[in-house]
Amino acid sequence: MSIATTPSTYLPFALPDIGEAEIAEVVDTLRSGWITTGPKARRFEREFKEFLGAADLHAIAVSSATAGLHLALEALKIGPGDEVIVPVHTFTATAEVVSYLGADPVFVDVDPATLTIDPDAVGAAITPRTRAILPVHYAGLACAMGPLVQIAAKHGLQIVEDAAHALPTTSCGGRLIGTLDTAATVFSFYATKTVATGEGGMIVTRSADIAERARLMRLHGINRDVFDRYSGKTDNGGWYYEVVAPGFKYNLPDLAAAIGLHQLARAQAMRQRRAAIAAAYDDAFSCLPVELPAMAPAGETHAWHLYVIRLCRGSRIQRDELIMALREAGIGTSVHYVPLHFHPYWRDRYSLRAGDFPASTDAYRRMISLPIYSKMEDADVERVIRSVRALLA
Ligand SMILES: *Cc1c(COP(=O)(O)O)cnc(C)c1O
């Protein structure tokens, strides 16, 4: 199957939206002489809290969301013998951080409509060893946080939100993800994410204890960070420090924070552009034999990090053929995700079977992620629509 028009340019699946302000701020950082964690990382943490609009939050900038999830679970003292419930339909980072600490991820299926963790499956997976739940706001749509918070409270469990897709997303009556009543929330600034710094992440928490432990462990377990030591803000001339734990090297450099400052300022505008693209796709694909992505509940915000359609069962074109045909048409796509129960490590280590995760398995076989990013021009959106329609109508 092919499409008549030959593309002159390739439309990538994802592209960061980097403006002149980001570039100027990086140049300023380079000229400043301070390129690792310092004043801009501090400012980024402060402005991140302001963005979320909750004065009682702590924000801790880290080198990735993976690092942030690891630190959050470490601060909760998750360790060997503990279980953490994770959705099977996610990126491997969500589960691997549990393994870093010698604990066991317990995999559960997702809701077939939203593809976010199924609260009933969470309830059924709780054992005396369960310590925490790690929900993922898949594609930028919030999980069923009301039920999850209730289950956690009933069983004395912690919630750490994987918010890698959820900046900005709302839940529970218009509250931004990051401000809900959970132990911690972790955002990603990976190159393809909605706010991108190349690599980077942010932990937010209301707990002073979690914040203090994460700050300590993000930089070698040293009792104050490099900025304090070398900026003369100490009373000993700045040379003395103490290692109080075997920490990690998880700090966010100012070079990345410089980009983040300006990305954050445009986060809502970029979201609006993605929402407009999602609306155009919804409109154009509503008559095709596909399932459209779940919408946010009325009054809530979807971050639209991903736009995932599912081919109807019995579609005459298969998912893999569609990916190849779109590639021939010069359009990049992806699949989010190859579920964790299909990856050899998780499958074999925990004896996972496809039949145990029917919603994730079925969605995976039929799903394709289409390009959705603020750098897309109207003509790019039209081109995706034309190509998908030509192949599916
Ligand atoms: C991208 C992603 C991560 C990891 O983010 P990094 O910043 O690359 O470490 C974790 N979970 C999900 C769901 C992701 O999409």
Side-chain angles (χ1 to χ4, degrees), residues 1-23 138-141 164-169 188-198 259 262-296 301-311 315 317 319-337 366-393:
M1 216 173 286
S2 67
I3 295 164
T5 52
T6 316
S8 51
T9 54
Y10 185 75
L11 181 70
F13 169 66
L15 266 186
D17 189 346
I18 301 296
E20 288 307 317
E22 282 89 330
I23 293 168
Y138 177 80
L141 178 66
H165 301 183
L167 185 60
T169 292
S188 173
F189 311 129
Y190 178 65
T192 60
K193 301 285 159 71
T194 57
V195 165
T197 67
I259 304 169
H262 297 278
Q263 289 275 289
L264 192 62
R266 291 195 293 126
Q268 289 293 2
M270 292 192 291
R271 191 202 74 82
Q272 277 163 19
R273 174 62 185 154
R274 291 190 306 276
I277 296 169
Y281 283 167
D282 277 352
D283 201 40
F285 302 151
S286 60
C287 54
L288 297 180
V290 297
E291 285 173 38
L292 300 178
M295 288 192 297
T301 300
H302 192 313
W304 290 114
H305 167 55
L306 300 174
Y307 187 90
V308 179
I309 56 172
R310 283 176 266 180
L311 297 178
S315 166
I317 181 168
R319 189 269 313 275
D320 296 6
E321 291 174 71
L322 179 61
I323 290 174
M324 292 312 292
L326 286 170
R327 205 198 358 230
E328 272 172 41
I331 294 169
T333 62
S334 192
V335 173
H336 295 90
Y337 291 90
R366 300 188 288 119
M367 67 170 34
I368 172 171
S369 303
L370 299 176
I372 182 164
Y373 46 96
S374 47
K375 284 270 277 191
M376 285 176 79
E377 312 262 340
D378 287 347
D380 298 327
V381 178
E382 277 307 312
R383 184 170 150 202
V384 174
I385 287 173
R386 251 187 292 114
S387 301
V388 169
R389 271 188 170 157
L391 289 159
L392 291 181

Main-chain N/O of Leu311 paired with Arg366 side-chain donor or acceptor, under 3.5 Å: yes
Donor-acceptor contact below 3.5 Å, side chain Tyr373 vs main chain Pro12: yes
Non-hydrogen atoms of Tyr10 and Arg383 that approach each other most closely: CA-NH2, 4.3 Å
Within-4.5 Å side-chain heavy-atom neighbours: Pro371 and Leu11: yes
Steps toward side chain to side chain contact (heavy atoms under 4.5 Å, CB included) verdict (Val388, Ile331): CA-CA 10 Å; Val388 169; Ile331 294 169; over 6 Å; no
Working for side chain to side chain contact (heavy atoms under 4.5 Å, CB included), residues Leu167 and Phe189: CA-CA 10 Å; Leu167 185 60; Phe189 311 129; 4.0 Å; yes
Met295 side chain reached by Leu141 side chain, heavy atoms, under 4.5 Å: no
Candidate pair Leu322 and Arg319, rule side chain to side chain contact (heavy atoms under 4.5 Å, CB included), full reasoning: CA-CA 5 Å; Leu322 179 61; Arg319 189 269 313 275; 5.6 Å; no
Heavy-atom pair of closest approach, residues Tyr307 and Ala278: CE1-O, 3.7 Å
Minimum-distance pair of heavy atoms, taken over all atoms of Pro293 and Asp282: CD-OD1, 4.2 Å
Test item: Arg274 side-chain N/O and Ile372 main-chain N/O as donor-acceptor pair under 3.5 Å: no
Separation of Thr333 OG1 from Ile368 CD1 (nearest 0.5 Å): 4.0 Å
Geometric class of the Tyr337/Tyr138 ring pair [parallel <30°, tilted 30-60°, perpendicular >60°]: perpendicular
Thr197 side chain vs Ile259 backbone, donor-acceptor pair below 3.5 Å: no
Least distance between heavy atoms, Ala303 atom then Thr169 atom: CB-OG1, 3.2 Å
Contact summary for Phe285 and Val290, nearest pair of heavy atoms: O-CG2, 3.8 Å
Separation between CD1 of Ile385 and CG of Asp283, rounded to the nearest 0.5 Å: 8.0 Å
Cut-off 3.5 Å, no hydrogens considered: what does the side-chain donor-acceptor table look like for residues 266-273, sequence neighbours left out?
from   : atom 1 : to     : atom 2 : distance (Å)
Arg266 : NH1    : Asp17  : OD1    : 3.4
Arg266 : NH2    : Asp17  : O      : 2.7
Arg266 : NH2    : Glu22  : OE2    : 2.7
Arg271 : NH1    : His302 : O      : 3.0
Arg273 : NE     : Met376 : O      : 3.3
Arg273 : NH1    : Asp378 : OD1    : 3.2
Arg273 : NH2    : Met376 : O      : 2.8
Arg273 : NH2    : Asp378 : OD1    : 3.1

Heavy-atom donor-acceptor pair, Thr194 side chain to His305 backbone, under 3.5 Å: no
Close side-chain approach of Tyr281 and Leu370, heavy atoms under 4.5 Å: yes
Atom pair CG (Leu15) and NZ (Lys375), whose distance is rounded to the nearest 0.5 Å: 6.5 Å
Evaluation steps, side chain to side chain contact (heavy atoms under 4.5 Å, CB included), between Val335 and Ile323: CA-CA 9 Å; Val335 173; Ile323 290 174; 3.7 Å; yes
Minimum heavy-atom distance Leu391-Ala325, with the two atoms named: CD2-CB, 3.6 Å
